[in-house]
Amino acid sequence: MTALFDVILPVFLVVGFGYVACWRRMLSEVAVDGIMRFAQTFAVPVLLFNAIAHLDLGTNYNPLLLLAFYAGAFLSFALGMGLALRWLKRPVEDAIAIGFVCLFSNSLLLGVPITERAYGPEALVGNFTIISIHSPLLYTFGITAMEFARARGHDLSLGRVALRALSGVLHTPMVIGILCGFVMNLLIQAGLVMPEGFWGAVRMMSSAALPVALFGLGGILYRYRPEGEARAIALCCAGSLLLHPAVTFGLSKLFGLGVAEIRSAVVTAAMAPGVNAYLFASIYGVAKRVSASAVLVATALSILTIWFWLSILP
C-alpha cells in the first residue's frame, strides 16, 4: 500500500488536478493547449537535453537493457496489430494505429516521476537511456509502417517513404532536445565547459517540465471520452499494461540486468500509452476514437497495474 499512496498517487493527483480544472471550466481548451505547448515544445525538450547531456554514454548504453525494453514494445505492437487485423477485422491503417497504442508507453511524463518517487533521482539513468531513443525509434517505425500502408497501389519508392518518416521525426521538439543533448554531451567530453548560469537556466526549465506536463495531461485527457469498440480498447490496455512489462521483466531477468536497470526498464514498460499515441492516429485520421479511449482508460487502470509491477520488482 505504501507504493500506491506514496509513489503512484501523487503523480496521478497532479494529472487529476488538471482533469478537474477542465471539467469545472476553470481552464479553457485554449489554455490547456497553451500549457501543453509550453511543456512539450520547450520545457520537456530542455529536460531531455539536460538529462542526455550528462549521461555517461559509454557506461549507461547497455544494449541488453534496450533490447529487453524494445523487444517487449515491438511484440506488443505486433500482437496489437495482428489481432486488430484478424480478430477485430479492422483495415490495415486502423490496425497500425492500434498497434502503435500498444507500442508507445508514456515513458517520460509518467515513467520518470514514478521511477523517481519509487527509487530516487539516481535511479533515472536507465529511464533516460531508454527515452533517448524512444521517440526517434518508435515514431520512425510507426510513420514508416503507416506510409507503406498508405502507399499501397502508388508508385512510391522505399527511399521516399523513409525520407517522409525521417523528416517527420526530426521536426519533433523532443527529438530535437535529445539530439542537442547528444551534441552537448560530446562537446563536454571534448572539454567544453559551459558557465554555471547556463546550467542554472536549464535546471529551472527542467524543473517545470514534469509538473506542468502532468497537469496539462489531465486537461487533455478530459477531452477524451471512453467510447469506441470495447474489444479494441481492451486489446490496447492488455498490450501496454501487461504484455509489454511482462516481456521486459522476463528478458531483464534472462539477460542478468542489474537491479537499477530492471527497475527502469519494467517501470517504463508498465506505463499507459502516451497522448502521442492518439496524436499519431489523429495525424492519419484512423482509429482515433479507439486510440483516445485507450489512452484514457489505460491511464486510469495503470494506477493499479503500476502498483502490481512495483510490488514484484527487486
Contact check, side chains of [X] and [Y], non-hydrogen atoms, under 4.5 Å:
{"X": "Val14", "Y": "Leu210", "value": "no"}
{"X": "Leu48", "Y": "Leu108", "value": "yes"}
{"X": "Ile35", "Y": "Leu27", "value": "yes"}
{"X": "Pro314", "Y": "Ile262", "value": "yes"}
{"X": "Leu251", "Y": "Leu257", "value": "no"}

If you look at every heavy atom in [X] and [Y], which pair is closest and at what distance?
{"X": "Val295", "Y": "Leu221", "result": "CG1-CD2, 3.7 Å"}
{"X": "Leu109", "Y": "Leu214", "result": "O-CD2, 3.0 Å"}
{"X": "Ser135", "Y": "Phe104", "result": "OG-CZ, 4.0 Å"}
{"X": "Val44", "Y": "Ala213", "result": "CG2-CB, 4.4 Å"}
{"X": "Ala270", "Y": "Trp309", "result": "CB-CD1, 3.6 Å"}
{"X": "Ser252", "Y": "Ala68", "result": "OG-CB, 3.7 Å"}

With sequence neighbours left out, which residue pairs that include part of residues 239-258 fulfil the ring-ring contact (aromatic ring centres under 6.0 Å, His included) condition?
Phe69-His244

Tell me whether the centres of the aromatic rings in Phe77 and Phe141 are closer together than 6.0 Å.
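Here the rings of Phe141 and Phe77 have centres that are less than 6.0 Å from each other.
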
Intermediate values then yes/no, side chain to side chain contact (heavy atoms under 4.5 Å, CB included), Val297 and Cys237:
CA-CA 8 Å; Val297 173; Cys237 292; 3.9 Å; yes

Step-by-step side chain to side chain contact (heavy atoms under 4.5 Å, CB included) determination, Met271 to Ile114
CA-CA 9 Å; Met271 295 302 107; Ile114 287 174; 4.0 Å; yes

Heavy atoms of other groups near Met26 CE, more than 12 under 6.0 Å:
yes

With a cut-off of 6.0 Å (strictly less than), are more than 12 heavy atoms of other residues, nucleotides or ligands near CH2 of Trp23?
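Incorrect, the count does not exceed 12.
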
For the atom pair OG1 (Thr144) and CE (Met146), what is the distance rounded to the nearest 0.5 Å?
11.5 Å

Taking the basic N atoms (NZ, or NE/NH1/NH2) and the acidic carboxylate oxygens, is any pair closer than 4.0 Å for Glu229 and Arg289?
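So Glu229 does not pair with Arg289 through a salt bridge.
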
Are Arg223 and Asp33 within salt-bridge range, i.e. N to O under 4.0 Å?
yes

Checking Asp56 now: which residues fulfil salt bridge (charged side-chain N to carboxylate O under 4.0 Å, His left out) with it, not counting sequence neighbours?
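Residues passing salt bridge (charged side-chain N to carboxylate O under 4.0 Å, His left out) with Asp56: none at all.
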
Who are the salt bridge (charged side-chain N to carboxylate O under 4.0 Å, His left out) partners of Arg203, not counting sequence neighbours?
Glu196

What pairs of residues pass the side-chain hydrogen bond (donor to acceptor under 3.5 Å, both in side chains) test when at least one of them lies in residues 108-119, not counting sequence neighbours?
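As it turns out, the side-chain hydrogen bond (donor to acceptor under 3.5 Å, both in side chains) pairs with a partner in residues 108-119, which skip direct neighbours, are Thr115-Asn127.
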
Does anything in residues 270-283 form a side-chain hydrogen bond (donor to acceptor under 3.5 Å, both in side chains)? List the pairs, not counting sequence neighbours.
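For residues 270-283, and leaving out neighbouring residues, the side-chain hydrogen bond (donor to acceptor under 3.5 Å, both in side chains) pairs sorted by first residue read Tyr139-Asn276.
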
Holding to side chain to side chain contact (heavy atoms under 4.5 Å, CB included), I want the full list of residues that pass it with Phe17, two or more places apart in sequence or in another chain.
Phe215

Any chance the side chains of Glu29 and Tyr222 put a donor and an acceptor closer than 3.5 Å?
no

Do Thr248 and Tyr70 meet the criterion of a side-chain donor-acceptor pair at a distance under 3.5 Å?
no

